[in-house]
Amino acid sequence: MSSSLSGFRNLATKIVCVGRNYKDHALELGNAIPKKPMLFVKTVNSFIVEGEPIVAPPGCQNLHQEVELGVVIGKRASKISKSNAMDYIGGYTVALDMTARDFQDEAKKAGAPWFLAKSFDGSCPIGGFLPASSIPNPHDVELYCKINGKDQQRCRTDVMIFDIPTLLEYTTQFFTLEVGDVLLTGTPAGVTKINSGDVIEFGLTDKLSSKFLVK
Ligand SMILES: O=C(O)/C=C/C(=O)CC(=O)C(=O)O
Ligand SMILES: [Mg+2]
């Protein structure tokens, strides 16, 4: 496994996202608690890094932020078992799963995919890379997201409904994960409407921090 995957953004073939993986977030949007992981994909056009602005897609009137722990795949993973799933992790990052909530609501009503709501350009502001060795237990870190300096989301990752080995085992039964791919593990409660001019800071407390401006 590569000792550093800091260039994972150039390697990634896809960003697999887990939905409703924090009970408080599922409930805040009026959704049921899932009985199995709910997956969707963000395409790699969605990546932006610090210095690039977050821009709402044309026509979106309700853009939301969702801070999430990202798992960066370090070894090609297909039909793996949860018992050794951690061996396939090259490291971690933190991202925003930016969501055009109005587009998503329309798609849900129509029984249509969430592609437009979740994969528009710039819908995945992403932070730096932390090697797996720097996070011995990814279920013992704290996610945070501040908007204009005020806490909007803050949650420890030990309350995920499906833990990372379970997510990796489940996902790889259907999709082979390639080196550099990112698994976004879901967002806790606190999603809200984002406005032009907002400054969003997010990361892992004491380990990783990123700042993005909303154009
Ligand atoms: O079901 C909904 O209304 C919305 C679900 C999401 O956007 C799921 C996530 O992206 C998440 O839980 O992080
Ligand atoms: Mg999400």
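All figures in this text were calculated on a predicted structure; none of them were measured in a lab. Both counts, for ligands and for their atoms, begin at 1 and track the order of listing.
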Discussion item. In this structure, would Y88 and Y92 fall into the same cluster of hydrophobic residues linked by side-chain contacts under 4.5 Å?
Written reply: yes

More than 12 heavy atoms from other groups under 6.0 Å of [atom1] on [X]:
X    : atom1 : answer
K193 : NZ    : yes
R156 : CZ    : yes
D206 : CG    : no
K211 : NZ    : no
K23  : NZ    : no

Can you tell me which residue and heavy atom of the protein come closest to [atom], and the distance to 0.1 Å?
atom                   : answer
atom 2 (C) of ligand 1 : N31 ND2, 3.1 Å
atom 6 (C) of ligand 1 : Q104 NE2, 3.6 Å
atom 9 (C) of ligand 1 : E66 OE1, 3.3 Å
atom 3 (O) of ligand 1 : K108 NZ, 2.5 Å
atom 1 (O) of ligand 1 : R20 NH2, 2.6 Å
atom 8 (C) of ligand 1 : G19 CA, 3.6 Å

Worksheet, complete the sentence: Shortest non-hydrogen pair, K75 vs D87, comes out as CE-O, 3.9 Å

Which of the numbered atoms in ligand 1 are below 4.0 angstrom from a heavy atom of [X]?
X    : result
V18  : 11 (C), 13 (O)
G186 : 13 (O)
K118 : 6 (C), 7 (O), 9 (C), 10 (O)
E68  : 13 (O)
H25  : 11 (C), 12 (O)

Worksheet item: Does C17 have a heavy atom less than 4.0 Å from any atom of ligand 1?
Response: no

Worksheet item: Is there a heavy atom in D105 that sits closer than 4.0 Å to ligand 1?
Response: no

Are any side-chain N or O atoms of [X] and backbone N or O atoms of [Y], one a donor and one an acceptor, separated by less than 3.5 Å?
X    : Y    : answer
E68  : G186 : yes
N45  : S119 : yes
N148 : V199 : yes

Worksheet item: Less than 4.5 Å apart, any side-chain heavy atom of H25 and any of E66?
Response: yes

Worksheet, complete the sentence: Answer key: the N, O or S atom of D97 nearest to the Mg ion (ligand 2) is OD2

Below 4.0 Å, non-hydrogen atoms only: which portion of [X] touches ligand 1? Side chain, backbone, both or neither.
X   : answer
H64 : neither
D97 : side chain
T99 : neither
F40 : side chain

Item to complete: Run the numbers on D97 and K42 for salt bridge (Lys or Arg N to Asp or Glu O under 4.0 Å), then give the verdict.
Response: CA-CA 9 Å; D97 172 16; K42 276 171 128 37; 2.7 Å; yes

Worksheet item: So is there a nitrogen or oxygen of N21 less than 3.5 Å from a nitrogen or oxygen in ligand 1?
Response: no

Fill in: E68 OE2 and E66 OE1 subtending at the Mg ion (ligand 2) (10° steps)
100°

